Number of protein chains: 2
Amino acid sequence: MPNKIPHIVIGRLPLYLRVLNRLHKEGKVYASSQELGKLLDISAAQIRKDLSHFGELGKRGTGYQIEFLIDELGKILNTDTIWKMAVVGAGDVGHALANYNGFVNRGFEVAAIFDCDPDKVGNQIGDLTIKDCSEMQAVVDQENIKIAVIATPAEAAQQVAEDLISTGVKAILNYAPIFLKVADDVHVEHIDPAVHLQKLSYYLE
Amino acid sequence: MPNKIPHIVIGRLPLYLRVLNRLHKEGKVYASSQELGKLLDISAAQIRKDLSHFGELGKRGTGYQIEFLIDELGKILNTDTIWKMAVVGAGDVGHALANYNGFVNRGFEVAAIFDCDPDKVGNQIGDLTIKDCSEMQAVVDQENIKIAVIATPAEAAQQVAEDLISTGVKAILNYAPIFLKVADDVHVEHIDPAVHLQKLSYYLE
DNA sequence: TAGATTGTTAATCGATTAACAATC
DNA sequence: TAGATTGTTAATCGATTAACAATC
């Protein structure tokens, strides 16, 4: 299963999961590829093709059993347990992440938040106390953290990434508007709202 | 120029712009497709191909003049002027967006922030006063707003999108973890950190 | 059984890359 | 001029779609 699945297919699985969770909450039991496709603007054929990479998850004639498929996708994506995450940078984005309640039922939890600014260290965000960057190694070890989120200014991000990686972090979600250079065994995703806005503005006027 | 360019090409232009701005700030004058590719993990051939959609922007033998290319990409993406944006939802994400200083030199500005919760209306975020949702139409008209950001809970997002569109908004950046259904002439981009995290966790362990 | 929908194959479509003539 | 790098074509590669037999 961790074999030859195209990255683009993996990228769609979280979308399937999101819509399935919604349908489940609405009390639905089965969903066909056609229904899911309508809700996601994705062709039914593509959804079937994507899911077929992981076995026969549906039933001919009736479609996909929602609860079952949610479980399977959770296992495939490794979100059937909770990943503890570190957030670096206790600015507005760091605050938003620390307070976000949408992580826990999707497989994630902010376990620690760091900042290098001594004025911020010690302050409270919800249940979390902002820790100094120097404590990163100890906390990552203690909490067994594999995923980190970078929410620092662009100038600090590359160094923070390297520090995180040297503590053993293997995956980074980067909010800083800069491309991170990392070794091949570290996975990075980028979020940059201005990039999305620039895509949008191309199509305006 | 607003013709047949593939969406996937448009999606890379903001990345080119971002790295070019960095090089410009560092004082560089020219950059080759190979250099840019190294900084972005994109092949040099692809960068040349992408840029060639918009004319002959480089010079054989020397590469691309950074300042010139920044200007050209700004014109292509319509970010050579400032777009005024509305943010709906004055929670943590709304705050982070209103305070973000990375928009203005990339073509955007948060001109207004709305919330439907009367307890929040009237509060201040930086220079902005949180306005009631009922004022949306008036503000969108007055400020000539075409782009909005949705930063509400998932349950409210679809309705907010429809309200925004009825005021004349043509592009939406959606932070709510739900797929928005909109007419074909409205453009939507989605940002959902949990989706990115789930992609990352697939590759872990 | 009849109707519905999957899983899968083959065909199509589109995107990336390699290669090189053009040219700065 | 010699060296470098673009713009562009053709070849390759990969992803999407259409279609349908299998089967619930």
Side-chain angles (χ1 to χ4, degrees), chain A residues 1 3-17 19-20 23 28-73 76 179 199 202-203, chain B residues 1 3-17 19-20 23 28-73 76 179 199 202-203:
Chain A
M1 221 180 294
N3 254 357
K4 298 247 65 169
I5 319 285
H7 186 54
I8 198 160
V9 172
I10 303 305
R12 281 189 293 262
L13 301 186
L15 306 181
Y16 301 162
L17 198 43
V19 76
L20 287 163
L23 293 173
K28 283 211 73 189
V29 177
Y30 287 95
S32 67
S33 56
Q34 192 165 115
E35 275 178 271
L36 296 173
K38 279 241 181 69
L39 294 170
L40 289 163
D41 256 19
I42 293 177
S43 80
Q46 176 146 92
I47 292 174
R48 293 201 302 278
K49 188 104 205 288
D50 285 353
L51 295 176
S52 74
H53 283 104
F54 307 98
E56 307 208 351
L57 303 180
K59 244 202 307 239
R60 286 157 150 98
T62 43
Y64 299 91
Q65 203 207 317
I66 290 170
E67 213 167 347
F68 172 77
L69 190 50
I70 288 172
D71 278 358
E72 288 301 307
L73 288 175
I76 292 163
F179 181 83
K199 286 196 235 180
Y202 173 81
Y203 294 101
Chain B
M1 218 179 296
N3 253 358
K4 299 246 65 169
I5 319 286
H7 186 55
I8 198 160
V9 171
I10 302 304
R12 281 190 293 262
L13 300 186
L15 307 181
Y16 301 162
L17 198 43
V19 77
L20 287 163
L23 293 173
K28 285 210 73 191
V29 177
Y30 287 94
S32 68
S33 57
Q34 193 165 114
E35 276 178 88
L36 295 173
K38 278 240 181 69
L39 294 169
L40 289 164
D41 256 20
I42 293 176
S43 79
Q46 175 145 93
I47 292 174
R48 292 201 302 277
K49 189 102 205 291
D50 284 353
L51 295 176
S52 74
H53 283 104
F54 307 98
E56 306 207 355
L57 302 180
K59 243 201 309 240
R60 288 159 150 99
T62 43
Y64 299 91
Q65 204 207 315
I66 291 170
E67 213 166 346
F68 173 77
L69 189 51
I70 288 172
D71 277 358
E72 289 302 306
L73 288 175
I76 292 162
F179 181 83
K199 287 196 233 179
Y202 173 81
Y203 293 101

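Proteins get letters first, then strands, A, B, ... in listed order; numbering begins at 1 in each. This is a predicted model, so every value here is computed, not measured.
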**Request:** Tell me, please, which residues at least two apart from Tyr203(B) pass ring-ring contact (aromatic ring centres under 6.0 Å, His included).
**Result:** His7(A), His187(A)
**Fill in**
Taken to the nearest 0.5 Å, the spacing of Leu40(A) CG from Ser33(A) OG works out to 11.5 Å
**Message:** Among residues 32-41 of chain A, which ones have heavy-atom contacts with DNA chain C below 4.0 Å?
**Reply:** Ser32(A), Ser33(A)
**Request:** Look at all strands and tell whether Leu57(A) reaches a base, only sugar-phosphate, or nothing, counting heavy atoms closer than 4.0 Å.
**Result:** sugar-phosphate
**Asked** With a 4.5 Å heavy-atom cut-off, do Asp50(A) and Ile5(A) have their side chains touching?
**Response** no
Distance-only donor-acceptor hits, side chain of residues 55-72 of chain A, under 3.5 Å, sequence neighbours excluded:
unit_1	atom_1	unit_2	atom_2	d
Thr62(A)	OG1	Lys59(A)	O	3.4
Glu72(A)	OE2	Lys75(A)	NZ	3.1

**Asked** Taking atom CD1 of Ile10(A) and atom CZ of Arg12(A), what is their separation to the nearest 0.5 Å?
**Response** 10.0 Å
**Message:** Checking Ser43(A) now: which residues fulfil side-chain contact (heavy atoms from CB on, under 4.5 Å) with it, not counting sequence neighbours?
**Reply:** Ala45(A), Gln46(A)
**Prompt:** Is there a side-chain contact between Lys28(A) and Glu35(A), using heavy atoms and a 4.5 Å cut-off?
**Reply:** yes
**Asked** So, do Ile76(A) and Leu73(A) sit near enough that their side-chain heavy atoms are less than 4.5 Å apart?
**Response** yes
**Message:** Dot-bracket, 5' to 3', for DNA chain D please: Watson-Crick or G-U pairs under 3.5 Å, [ ] where pairs cross earlier ones, | where the partner sits on another strand, dots elsewhere.
**Reply:** ..||||||||||||||||||||||
**Complete:** d(Ile42(A) CD1, Tyr16(A) OH) to nearest 0.5 Å is 4.5 Å
**Complete:** In terms of heavy-atom contacts, Phe179(B) and Leu39(A) come closest through CD2-O, 3.2 Å
**Nearest-nucleotide 5' precedence on DNA chain D, Val9(A) against Arg48(A)** = Val9(A)
**Complete:** First and last nt of DNA chain C near chain B, cut-off under 4.0 Å to heavy atoms, 5' to 3', are dA15(C) to dC24(C)
